[in-house]
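One structure is given here, and the rest of the page talks about it.
Starting from 1, each residue takes its place in the sequence as its number.
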Amino acid sequence: MTEAKIRERFTLTLSVEGKSMPLTFFIHTAEDLRQLLRAIEEAQLGEAPHAEWEVDTDRIQIAASVNGVSADDLENIINDAYHSLKAEEAKDESATPKTLNDRGKRLTRSIVNRARRTAPVTVDAPGQEPVYIEPALLKVVAPQEALSGPRRRPEVLTAWGS
C-alpha cells in the first residue's frame, strides 16, 4: 500500500469553520488527538506503540504512517478515535469504544470541550458520517443583572522560585 493510500485510509480530520483557527486550539487539540490515538493503540496492541501519527498543518488531520502495524489495526484505532469523539459529542457514554481507558476518555472529553468553547468543528473519518461539534451557547447577561450582583476582588496568587 502506497503512502498516499495509507494517508487516505487511516486519517481522522477535524475542520474548524471560519477563516482562522486559534493557535492554542490547534496545538492542544492536535496533541490530545495524538495522545488519544496512542492510548487506543496501546490498549489494542499492548505496551509498545508502533504507528507514527503525523499532523497536517493546514487543518488538524492526523494520519498514520505504517511502521509494523497492520492495516486492520490502524483502521480499528481510527474508528475507535472517531467513535469516542462521536460518543462524547452526543454525551452517550454507552457508545464509547470498550478499548478506551480512563486516559482516553479524559482526552476525548478535553478535545470535545475545547471544540465547544472555540468554533464549530467537523470530525471526518473514512467510511463514516461526519460528526459536527457545535460551540456551546454563551449566556448573555443583561446589563442590569451584571450591575446588581455582588462584586468580588479577584484573588492574586504569587509564586516565588529560585
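- A 6.0 Å sphere centred on CG of D92 holds more than 12 heavy atoms belonging to other residues, nucleotides or ligands.
- Looking only at distances, a side-chain donor or acceptor of T108 sits under 3.5 Å from a matching main-chain atom of G104.
- Side-chain contact check for E31 versus R34: some heavy-atom pair is nearer than 4.5 Å.
- No side-chain heavy atom of R116 sits under 4.5 Å from any side-chain heavy atom of P135.
- Residues T96 and E88 are not in side-chain contact: their nearest non-hydrogen atoms beyond the backbone lie 4.5 Å or more apart.
- Counting heavy atoms from C-beta outward, L37 and I78 have side chains that approach closer than 4.5 Å.
- Atom OG of S110 sits about 16.0 Å away from atom NZ of K105, to the nearest 0.5 Å.
- In this structure, the side chains of E134 and V121 stay at 4.5 Å or more apart for every pair of heavy atoms.
- The CD1 atom of I111 sits 5.5 Å away from atom CG of L85, with the distance rounded to the nearest 0.5 Å.
- Salt-bridge check for R114 with D32: passed, with a basic side-chain N closer than 4.0 Å to an acidic carboxylate O.
- For the pair V69 and E41, the minimum side-chain heavy-atom distance is below 4.5 Å.
- A donor-acceptor pair shorter than 3.5 Å can be found between the side chains of S70 and D73.
- Each of I77, L100, D80 was compared with L36 under the side chain to side chain contact (heavy atoms under 4.5 Å, CB included) criterion, and only L100 meets it.
- Y82 places a side-chain N or O within donor-acceptor distance of the main-chain N or O of E129, the cut-off being under 3.5 Å.
- Under the 4.0 Å criterion applied to side-chain N and carboxylate O atoms, E89 and K86 are not assigned as salt-bridge partners.
- A side chain to side chain contact (heavy atoms under 4.5 Å, CB included) with I133 is found for one member of T118, V112, T122 and no other, namely V112.
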